[in-house]
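Keep in mind that what you see is a predicted model, and the values were worked out from it rather than measured. Every chain is numbered from 1, with letters handed out A, B, ... down the list of sequences. Atoms considered below: every heavy atom in the structure, side chains included; atoms not considered: hydrogens, waters and symmetry mates.
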There are 2 protein chains.
Amino acid sequence: MNDSGQDAGSSAGSRRKDARRNQQTLLDAAAAVFVTSGVEAPVRDIAAKAGVGMGTIYRHFPTRADLVIAVYRHQVDACAEAGPALLTTSPTPHAALGRWVDLFVDFLVTKHGLAAALQSDSAGFETLHAYFLDRLLPVCTQLLDAAAASGEIRSDLDAYQLMRGIGNLCIGAESDSRYDARRLVALLIAGLRHP
Amino acid sequence: MNDSGQDAGSSAGSRRKDARRNQQTLLDAAAAVFVTSGVEAPVRDIAAKAGVGMGTIYRHFPTRADLVIAVYRHQVDACAEAGPALLTTSPTPHAALGRWVDLFVDFLVTKHGLAAALQSDSAGFETLHAYFLDRLLPVCTQLLDAAAASGEIRSDLDAYQLMRGIGNLCIGAESDSRYDARRLVALLIAGLRHP
DNA sequence: TTGCAAAGCGGAACAGCGCTCCGTATTGTT
DNA sequence: AACAATACGGAGCGCTGTTCCGCTTTGCAA
């Protein structure tokens, strides 16, 4: 359960051949369905798209969150790893924070319903929330601390609140052309500057 | 459908006696259930709490959104009416905006799941979104314009985006003690000031 | 090659949801 | 007291997520 997604057999090829093949098929099908119908698409749709039964999906990914995590793991990891890099390549820590936040927002906004799922209180999605936090909170903390140390921003907002705020601002951004989450997040970051 | 909530018979006592009594019973039951189980509580729970059948609830309130609107109508109206008043009693338009936003945030944060329902893309909740917008967008626009005219804030963010941003920031605030929506909204408003 | 656990698969089945529909009961008017 | 008109209750439909178990596939061992 707290194996942070995927199956017990990890990604190495230890299981039976058909099992490995189905796992990959499911990941591809899920990715495709998430794009067209959003992250909260019916599990049956994913199973159908993969040409697989319901049982198979739940054996490979015990909970929906595990499937979502598996699909987006690479991109979340990339986002996490970009943090320290940005800190060295940006003119100031505050600029690095801004760029990293842009990266995160772009990721969330382009994944239908992901931001909403992250904050959803429906059972089964806490794992998703936890994974994002585990992976990104340390990076965000590092960037925030650096920017605070350089004196550019106030230091009375912790990384958790910032990330939740950003995640919240991204909810519904993909389905409402009148709403520009990037702009609002930028405003929020602007509000962090010392008065 | 676009009668903005409630029933055709409005609140006047034109219908049968038992119908009027049941409508009030339902409003009370819904208010009570919303407090304990949130706005997205099962309709059956509300019917049970009111000691009434499913049919009754849907005849009085054709959609869930209508019921939610009916329960909170007074408070939303109060919030809308407070806007112009604040404009005259506050030292500056920007201060009025800040106080009004606080009012709105306090309202959202104390109603379990209301902020989430507002942005929910589940069918049947667009009416709720529309009602809040109809009622509050003009007020927010007025406050925003006044603050922009006084030169205190930038004028390139419309009231719609601001309200959506605020609503989004309030999601989940009532069930996460580490997250303070009021603070983040304040930061967002701070970000509106001219640089 | 063949036999046979072990591992994996499919989808029927269950529970919980919103919402509809219609036979029955209540009202108030004649 | 009789009778429309109105309103009520809850069974039932379609949709979710999730579980469970009889059947199939796989791969090792003989």
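Following rounding to the nearest Å, B:Asn22 (CG) and C:dA25 (P) show an atom-to-atom distance of 17 Å. Rounded to whole angstrom, the span from the CZ atom of A:Phe61 across to the P atom of C:dG8 amounts to 14 Å.
Using a 4.0 Å cutoff to heavy atoms of chain B, the contacted part of DNA chain D runs 5' to 3' from D:dA5 to D:dG12.
For A:Ser90 (side chain) and A:Thr92 (main-chain N/O), no donor-acceptor pair under 3.5 Å exists by modelled atom type. Between the B:Thr56 side chain and the B:Val52 main chain, no donor and acceptor come within less than 3.5 Å of each other.
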If you restrict it to nitrogen or oxygen atoms, what contacts under 3.5 Å exist between nucleotides 18-21 of chain C and the protein, and what is each distance?
from, atom 1, to, atom 2, distance (Å)
C:dG18, OP1, B:Arg64, NH1, 3.1
C:dG18, OP2, B:Val43, N, 3.0
C:dG18, N7, B:Arg44, NH1, 2.7
C:dG18, O6, B:Arg44, NH2, 3.0
C:dC19, OP2, B:Tyr58, OH, 3.1
C:dC19, N4, B:Arg44, NH2, 3.2

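Ion pairing between B:Arg135 and B:Asp77 holds under the 4.0 Å rule for side-chain N and carboxylate O. A salt bridge does not link A:Arg182 with A:Asp102: every distance from a Lys NZ or Arg NE/NH1/NH2 to an Asp or Glu carboxylate oxygen is 4.0 Å or more. Residues B:Asp158 and A:Arg178 are not paired through a salt bridge, judged by the lack of any N-O separation under 4.0 Å between the basic side chain and the carboxylate.
The closest side-chain heavy-atom distance from A:Asp66 to A:Tyr58 is not below 4.5 Å. Between A:Phe132 and A:Phe104 the shortest side-chain heavy-atom distance falls below 4.5 Å.
Between B:Lys17 and A:Val52, the residue anchored closer to the 5' end of DNA chain C is A:Val52, taking for each the nucleotide with the nearest heavy atom. Across the interface with DNA chain D, nearest-nucleotide mapping of B:Gly51 and A:Arg21 shows B:Gly51 to be the residue nearer the 5′ end.
Side chains of A:His60 and A:Gln23: a donor on one and an acceptor on the other come within 3.5 Å.
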